[in-house]
Amino acid sequence: MGSADRTCACASLSHVTLRYDNGTQALEDLSLEVRQGEHLCVLGANGSGKSTLASVLCGLLAPDEGTVTLLGEEVFDSSRVNPIDFAAYRRARRRLGLVFQNPDDQIVTTVVEEDVAFGPENLGVTSHEIGVRVERELRRVAMQEYAKANPTRLSGGQKQRVAIAGALAMEPEVLVLDEPGSLLDVRGRNAIMRVMGRLRNAGTTIVHITHFMEEALAADRVVVLSHGCVMLEGTPQEVFSHASHIARLGLEEPFVARLSQRLNLPWTCDREELVACLVDAGLRPGQKDPAQPDQDDTHDRAADEKNGTRQAREVVVADRVSFAYQRERKALDGVSVRVYDGESVAIVGQTGSGKSTLLRLICALEVPDEGSVVVGGIGTAKRRDRRRLHGTIGYVMQHPERQLFAETVLEDVAFGPTNLGLSTQEISRRCLHALDLVGLKGLNHLSPFELSGGQQRLCAIAGVLAMEPKLLVLDEPTAGLDPRGRRELRALLDDLHEHGITTVQVTHAMEDAVCCDRVVVLDQARVMLEGTPREVFCTNNATALEQAGLGLPAALSFALELQTAGMRGLGDPLTLDALADTLEEVVTHHGA
């Protein structure tokens, strides 16, 4: 615990324990103070208690034991005969704001501007002032053009922006954001970080829960949870300096820290510091460039892989597809995409660019207004053909773990194959094989709700794989997962690729996209770029990708920063290891 004066704390939790009705202990003897006006970042693996802590800080959950004080109101004290002070909770909640991890849990109306107005209305704000706040906050999250839209028809990232606008419109003294960027593109996440910075400068207390380690660097203080307890606390630099402890907790250091360690340089989380160190040790403008990597082999290999793939059978053919939800603007406009047998394809694009809509068309859940979609040689125009396809396409939606329902892992995975009318023996074979593929072998008889967050997602994916689809389609499969969970899921997708399964995934994570054979970039409902990861993520496309609301793979972004500072010979590295290998050559050559 920090040594902050309790009078400066706007929220104080002392020896708090909280258990859910199913017996899960989400918080255990946790003590924490949130200081007035600070930006506190909360990290932790899936299932560590972060979302529960958020709900306690916002007065939505009362613990079983301990004391809770929110904005000067002692709302809970387990030593009292009546531990919950409902009146104090009501008073405190008027000055507290929460952005839920899942925006569907927060959106309550069918018109965007009405949803943003909902909170201020309940606070008794005047109509004129509500109008001012709604317009201001929709503009702040770049959703003013959707003021009259139905939020249920928006993409996941757009819904998240609406939810954030609704929380901001209440002008809370304390704003708690639970994974606000998990469904947003890079531009959206950066915008939210800027908003948080401005709010903190204006005196708003910010509690930010995230799985993006880089975002934690902007905080005044970082708290790391594990099994409902505070395991680490301090400034970002202090917390991330415990590299081995961070790894044991299922997290990872920010990119800069990992790169500095990989290069055996002095450890740092400071990007400018590492750039300066490397430029000082490496090449300077005008110097001969002996370390220029030979990219011909890489280019030729990428081209050979691409040509070999294109000779394979077409699994998906989307030809000049256009689609719009009711009378709203087009979600897709003349999009043509092909996916080949055994190929892994990533679809990337800013929030609202049409990615999830394209997946729904491929899965025959929607029919294009114009153009055609053919999957496995079967068109999607006719209803009977769409029904045929539903048994051959595996569709993993965003947050599939929320669909888990059975008493055991095995029963949950068996649900799909059972509905196919297969024999008991075949169902068992498929389920055991699927669980083995996702790394859950031996956990058959556990409740799916006893699994970690990452394991739950793998369990849900196993249920899809047990149906042995010819095509696996995934919508943001790594969103909301902790670093360990993301690594496990990427390893699974790599393994499925090795087994010849064709995969198509939508992702906002460029590190996921670079692992695929091919990348399709959507921008404003159209295909902007297409090619191998090396062809798409390169220096020549950097500006266009950033203008489209996308980021670059972290390694390439850092390499470009080094090049701007004067280093040469770095090429277009797409992974930390590739960048580090090149930098080691440069630094070694200059005797660093």
Side-chain angles (χ1 to χ4, degrees), residues 155-157 181-190 211-212 214 255 298 301-302 305-306 309 316 335 337-340 342-356 358-359 362 396 398 472-481 483 485-497 501-523 526-560 571-579:
S155 70
S182 62
L183 298 176
L184 297 179
D185 54 38
V186 172
R187 177 189 289 166
R189 292 201 301 272
N190 290 341
H211 280 139
F212 295 105
E214 265 67 24
F255 179 87
T298 304
R301 185 172 67 251
E305 290 171 355
K306 177 180 174 182
T309 298
V316 176
V335 168
V337 172
R338 279 167 168 73
V339 179
Y340 298 86
E343 188 179 34
S344 61
V345 175
I347 301 173
V348 302
Q350 64 181 315
T351 299
S353 61
K355 304 183 301 297
S356 295
L358 180 56
L359 288 197
I362 291 173
V396 180
Q398 290 178 2
L472 182 62
V473 178
L474 308 100
D475 195 355
E476 294 285 0
T478 61
L481 289 182
R486 292 198 294 269
R487 289 193 298 270
E488 290 174 350
L489 191 47
R490 285 171 187 158
L492 167 62
L493 294 177
D494 287 342
D495 190 45
L496 294 176
H497 185 238
I501 295 177
T502 306
T503 61
V504 178
Q505 66 166 306
V506 157
T507 182
H508 279 134
M510 299 306 106
E511 278 62 35
D512 291 344
V514 300
C515 298
C516 294
D517 297 324
R518 198 153 47 89
V519 180
V520 177
V521 182
L522 294 184
D523 181 44
R526 298 182 178 182
V527 175
M528 183 181 86
L529 290 169
E530 180 192 356
T532 65
R534 185 170 296 280
E535 290 169 336
V536 170
F537 299 118
C538 64
T539 303
N540 290 340
N541 291 334
T543 301
L545 289 168
E546 290 173 356
Q547 288 176 347
L550 297 175
L552 299 171
L556 179 56
S557 176
F558 195 81
L560 291 176
D572 292 334
L574 301 185
T575 66
L576 185 148
D577 284 340
L579 174 60

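We use all heavy atoms of the structure for the numbers below, so side chains are in, but hydrogens, waters and symmetry mates are not.
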Determine whether more than 12 heavy atoms belonging to other residues, nucleotides or ligands lie under 6.0 Å from atom CZ of Arg490. yes

Interatomic distance, [X] atom [atom1] to [Y] atom [atom2] [nearest 0.5 angstrom]:
X      : Y      : atom1 : atom2 : result
Leu574 : Phe537 : CG    : CZ    : 8.0 Å
Ile347 : Leu358 : CD1   : CG    : 4.5 Å
Asp572 : Leu556 : CG    : CG    : 5.5 Å
Gln547 : Met528 : CD    : CE    : 9.0 Å
Ser344 : Ile501 : OG    : CD1   : 12.0 Å

Looking at side-chain heavy atoms only, is the closest gap between [X] and [Y] below 4.5 Å?
X      : Y      : result
Thr507 : Glu476 : yes
Val345 : Val520 : yes
Val506 : Leu474 : no
Arg187 : Glu546 : no
Leu481 : His211 : no
Val337 : Val316 : no
Ser356 : Gln398 : yes
Leu472 : Thr502 : no

Assess, by modelled atom type and distance only, whether the side chains of Ser353 and Asp523 contain a donor and an acceptor separated by less than 3.5 Å. no

Any sub-3.5 Å donor-acceptor pair from [X]'s side-chain atoms to [Y]'s backbone N or O?
X      : Y      : answer
His497 : Gly342 : yes
Arg534 : Pro573 : no
Arg518 : Thr532 : no
Lys355 : Gly349 : yes
Asp475 : Val396 : no
Glu343 : Thr503 : no
Asp185 : Gly188 : yes
Ser182 : Gly480 : no

For the student: nearest non-hydrogen atoms of [X] and [Y], plus distance:
X      : Y      : answer
Cys516 : Ala346 : SG-CB, 3.7 Å
Ala554 : Phe255 : CB-CD1, 3.6 Å
Glu530 : Val536 : C-CG2, 3.9 Å
Leu493 : Gln505 : CD1-NE2, 3.7 Å
Ala555 : Leu579 : O-CD2, 3.7 Å

Please name the residue in the list Val186, Leu550, Val348 that meets the side chain to side chain contact (heavy atoms under 4.5 Å, CB included) test with Leu545. Leu550

